Amino acid sequence: MALMRKSNTLCSRVLKVLQPSSSVMSPCGAGAAQALSGEQQTCGWAPARKLHSFKRPNLHAIRNQLARFEGGSVELEMNNDNGIAILTLNNPRRMNSMTGKMMVDMADKVSELEEWHEGKALIMRGVDGNLCTGGDLTFVRKALHYGEEMAAYQHDTLTRLLNLPLISVALVQGHTLGGGAELSTACDFRVMSSSAKIGFVQIKMGLSTAWGAATRLTRLLGRRKAIDLLCSAKILLPDAALREGLVDYVLPKICDDELAETTNWLLRNLCAYDTNITRVVKSLVVSAELSMDHYQALDAERKLFGQTWGGPVQRKMLDANVKHK
Ligand SMILES: CC[C@@H](C(=O)O)C(=O)SCCNC(=O)CCNC(=O)[C@H](O)C(C)(C)COP(=O)(O)OP(=O)(O)OC[C@H]1O[C@@H](n2cnc3c(N)ncnc32)[C@H](O)[C@@H]1OP(=O)(O)O
């Protein structure tokens, strides 16, 4: 019974992807609004799914504290024509390192993306040729008493980002260091500029990862490579990053517009088909990854499949007699 209840909850969360009024499937995602109620709740909070008794942090209170550390912004453009959104970190004087205010901005933009039903994909990038050099050290110095709270806030935002029904890509440009490298792991894919450098340098700063990258990197690359990258603090050039499997595509050396090239890469490779079905497939992968139980994931997969089977897109393709040459 308990298993069935759990399974139904997961399915209903995933199924919401297809419903225009949905705030989507992320357990945290339901979250931003709930979280802002400021109530202490028992955790349905994704990063701590195993810790059922974990108390949900009071994200509303943390948000108010973080907002006081000003500087920079995070901006969002959503293009309904091609279905691609651009999330831009903007703190160029400090190489797009993140202040508390930028963390709050980013959480708000992720909430907007959770409500965007026309979207297929998302590109995260920074202005002026760097993705991000981690925490803004001016902010870090003033917030040394506030590490766990900041981490909880970022975990919530970045988990919601990772779980969006959009295919997400980090555009790794210039210096992508510390927390910047962490942000890139909150996307499904990483596209790297031929002149960029990426490194998890936290250990050199006397820190472990603040924004959830140890968890995500281990899932992405496995235990051995995650330990290597996190404990060596090595800074990787594109060839090595590609070889390690950390990045998926290195942009050509001669490239006038790296954002446009990344957009084309996405459109060519991952966004060629129907928007709703692309969102469903992304959500299935999220549900499979989040699921504690193989049968729950299959249950969700079967129910969602049932909504695409016999639907207008399939019928159109059958009528068109498509040949996959
Ligand atoms: C809290 C999150 C935590 C985590 O994930 O766990 C971290 O992110 S820890 C890592 C924090 N980041 C750093 O330690 C980066 C420190 N900066 C550098 O190593 C260098 O600045 C650089 C990124 C290698 C660039 O070097 P260079 O090309 O020589 O340029 P400058 O050093 O002159 O930088 C230009 C300008 O930008 C400022 N800057 C860059 N990064 C940060 C930052 N993270 N916080 C604040 N300011 C930053 C730098 O200070 C320069 O400003 P001015 O001195 O005013 O010119």
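Every number for a ligand or one of its atoms is a count from 1 in the order of the listing. All figures in this text were calculated on a predicted structure; none of them were measured in a lab.
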Write out the residue and atom name of the closest protein heavy atom to [atom], then the distance separating them to 0.1 Å.
{"atom": "atom 5 (O) of ligand 1", "value": "Glu182 OE2, 2.6 Å"}
{"atom": "atom 28 (O) of ligand 1", "value": "His175 NE2, 3.6 Å"}
{"atom": "atom 19 (O) of ligand 1", "value": "Leu177 CD1, 4.6 Å"}
{"atom": "atom 23 (C) of ligand 1", "value": "Thr133 CG2, 3.6 Å"}

Tell me whether [X] has any N or O atom under 3.5 angstrom from an N or O of ligand 1.
{"X": "Gln202", "result": "yes"}
{"X": "Ala210", "result": "yes"}
{"X": "Thr209", "result": "no"}
{"X": "Val201", "result": "no"}

Check your understanding: Under 4.0 angstrom from ligand 1, any heavy atom of Arg93?
Key -> yes

Check your understanding: Is there a heavy atom of Ser208 sitting under 4.0 angstrom from any atom of ligand 1?
Key -> yes

If only side-chain N and O atoms count, and only distance matters, is there a donor-acceptor pair under 3.5 Å linking [Y] with [X]?
{"X": "Glu258", "Y": "Ser193", "result": "yes"}
{"X": "Trp265", "Y": "Asp248", "result": "no"}
{"X": "Glu182", "Y": "Gln154", "result": "no"}

Practice item. Check whether any protein heavy atom sits under 4.0 Å from atom 12 (N) of ligand 1. Key: yes

Practice item. Measure from atom 32 (O) of ligand 1 to the protein's non-hydrogen atoms and state whether any distance is below 4.0 Å. Key: no

Review point. Under 4.0 Å between a Lys/Arg side-chain N and an Asp/Glu carboxylate O for Asp136 and Arg93?
Key: no

Review point. So, Arg243 and Asp239, do they make that salt bridge, N to O below 4.0 Å?
Key: no

Point to revise | Set of salt bridge (Lys or Arg N to Asp or Glu O under 4.0 Å) partners for Glu112, sequence neighbours left out | key: Lys109

Revision key, fill the gap. The answer for which part of Arg94 has a heavy atom under 4.0 Å from ligand 1 is both

Practice item. Only one of Leu171, Val191, Asn264 passes side chain to side chain contact (heavy atoms under 4.5 Å, CB included) with Leu259; say which it is. Key: Leu171

Exercise for review: Pick whichever of Gly135, Gly179, Gly206 has a heavy atom sitting closest to atom 44 (N) of ligand 1.
Suggested key: Gly135

